[in-house]
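Worksheet: the structure to be examined is printed underneath.
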Protein chains: 2
Amino acid sequence: MVKRISHRDALCPVARPLDAIGDWWSLLIVRDAFGGLRRFGEFQKSLGLAKNILSARLKNLVEHDVLETVPASDGSAYQEYVLTEKGRGLFPLLVALRQWGEDYFFRPSEGHVTLVDRKRGKPVRRLELRAQDGRLLEPEDTYVKAC
Amino acid sequence: MVKRISHRDALCPVARPLDAIGDWWSLLIVRDAFGGLRRFGEFQKSLGLAKNILSARLKNLVEHDVLETVPASDGSAYQEYVLTEKGRGLFPLLVALRQWGEDYFFRPSEGHVTLVDRKRGKPVRRLELRAQDGRLLEPEDTYVKAC
DNA sequence: CCATTAGGTTGCATATTACAACCAGACAAG
DNA sequence: CTTGTCTGGTTGTAATATGCAACCTAATGG
């Protein structure tokens with residue numbers, strides 16, 4: 001679980017988060033959490049992974065403050081896992097992953113699920129990167145700078 | 001490397017791409033590719049990972065059509081790895097990951113690198129999800145629908 | 001009570017990862 | 001054309017993570 005980040009990457013905001021969500025299952029757990037799942041058993045049923053693995057992943061996500069445990073909402077003595085503010089901050093990332101998946105991992109003939117605006121029931125707009133002044137930015141229009 | 005996607009997830013555009021980029025290193029390789037790195041040795045020096053692992057990752061990325069190999073640009077007999085169109089499609093995802101990392105993985109006192117608009121040298125705008133009609137969307141304002 | 005469900009933990013087999021050594025094909029110098 | 005070095009890998013082999021099944025305890029349901 002613990003990966004060693006090379007010295008060069010210690011200050012890179014792309015590398016650091018990978019300890020928290022860099023494995024296969026964590027993003028799917030977060031996706032399901034956005035979908036409203038809260039209970040250990042719900043996640044396990046949805047993902048079909050071994051319980052010890054789910055347990056480890058949930059623990060890791062809680063340690064990294066992506067999820068937090070709260071008393072069960074139905075009054076039982078069990079606990080539930082809900083997204084923290086930090087966890088909710090993953091929404092754009094998940095949408096970006098989803099849009100990339102839609103674009104490149106499905107043949108036109110294949111059906112897939114898509115994210116829609118609850119109010120209108122229409123697909124959401126495509127994510128795009130813009131400059132402060134609103135210009136659309138391609139990868140070549142940007143670079144990383146020490147700050 | 002090959003993960004079995006549970007039946008329930010077969011149609012989810014979040015789950016499928018994880019075969020291609022769901023591991024720790026692949027996203028860092030893609031980040032470096034956006035940064036202009038092209039040669040095996042450049043990636044290895046930048047990431048500090050074992051050569052066999054890098055070799056496997058590059059192979060996987062090429063198989064998934066995220067990278068492609070081209071003859072070296074300096075005229076030598078070696079090859080280089082460059083992003084495909086599909087690979088370039090990962091740009092928003094990488095930006096989302098970077099912004100999340102900047103927000104939650106650095107103390108204010110800590111320095112980090114940041115993505116800037118080449119033309120003005122100013123930080124880029126924050127990614128945000130909008131509906132077709134332009135309304136800003138929070139996670140609660142959306143749901144996934146079969147399509 | 002007794003049975004069942006929720007939410008795990010523990011062993012153990014297997015697969016993945018990492019590190020290091022090795023190696024073959026350019027390439028460069030003499 | 002021969003020696004040495006760099007590039008881009010491919011083997012070992014050891015450490016680690018993963019997956020599966022069995023087990024276990026506390027809640028809950030009847």
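Naming convention: chains lettered A, B, ... in sequence-line order (proteins, then strands); numbering from 1 in each chain.
- Look at CD on Gln44(B): it is 14 Å from P on dC6(D), rounded to the nearest Å.
- OP1 and OP2 of dG8(D) both lie 4.0 Å or more from every side-chain N or O belonging to Lys59(B).
- Within the nucleic acid shown, Gln79(B) comes within 4.0 Å of sugar-phosphate atoms alone, with no base atom in reach, counting heavy atoms only.
- For Arg57(A) and dG19(D), the CZ to P distance is 8 Å, given to the nearest whole Å.
- Within 4.0 Å of Phe43(A), counting heavy atoms only, lies no atom of the nucleic acid at all.
- Close to dC6(D), at under 4.0 Å from its OP1 or OP2, lies no side-chain N or O of Lys45(B).
- Proximity of Ser55(B) to the phosphate of dT10(D): a side-chain N or O atom is located under 4.0 Å from OP1 or OP2.
- Spacing between atom CD1 of Ile53(A) and atom P of dT10(C) amounts to 14 Å, rounded to whole angstrom units.
- Spacing between atom CZ of Phe40(B) and atom C1' of dG8(D) amounts to 6 Å, rounded to whole angstrom units.
- Not one side-chain nitrogen or oxygen of Trp25(A) sits closer than 4.0 Å to the OP1 or OP2 atom of dT18(D).
- Between Tyr81(A) and dG8(C) there is a side-chain polar atom (N or O) within less than 4.0 angstrom of OP1 or OP2.
- Taking 4.0 Å as the cut-off between side-chain N and carboxylate O, Asp117(A) and Arg130(B) do not count as a salt-bridged pair.
- Look at Asp141(B) and Lys119(A) and you find no salt bridge, because none of the NZ, NE, NH1 or NH2 atoms lies under 4.0 Å from a carboxylate O.
- Residues Asp103(A) and Arg126(A) are paired through a salt bridge, judged by an N-O separation under 4.0 Å between the basic side chain and the carboxylate.
- Of the side-chain N and O atoms in Arg39(A), one or more sit less than 4.0 angstrom from OP1 or OP2 of dG7(C).
- When the P atom of dT7(D) is taken as reference, atom CG of Leu54(B) falls 14 Å away, rounded to whole Å.
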TODO: Take nucleotides 20-30 of chain C nucleotide by nucleotide from the 5' end and write B, S or -, depending on whether a protein heavy atom sits under 4.0 Å from the base, only from the sugar-phosphate, or from neither.
DONE: B----BBS---
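- Ring geometry for His112(B) against Phe106(B) counts as tilted: the plane angle lies between 30° and 60°, on a 0 to 90° scale.
- Rounded to an integer number of Å, the gap from Glu80(A) CD to dG8(C) P is 12 Å.
- If you take CG of Asp74(A) and C1' of dT28(D), they are 11 Å apart, rounded to a whole angstrom.
- Under the 6.0 Å cut-off for aromatic ring centres, Phe34(A) and Phe91(A) qualify, their centroids lying closer than that.
- Hydrophobic clustering of Ile, Leu, Val, Met, Phe, Trp and Tyr side chains at less than 4.5 Å, counting indirect connections, keeps Val82(B) apart from Trp25(B).
- Contact check on Glu110(A) versus Arg16(B) returns a salt bridge, with a Lys/Arg side-chain nitrogen under 4.0 Å from an Asp/Glu carboxylate oxygen.
- Distance, Leu49(B) CG to dG9(D) P: 13 Å, rounded to whole Å.
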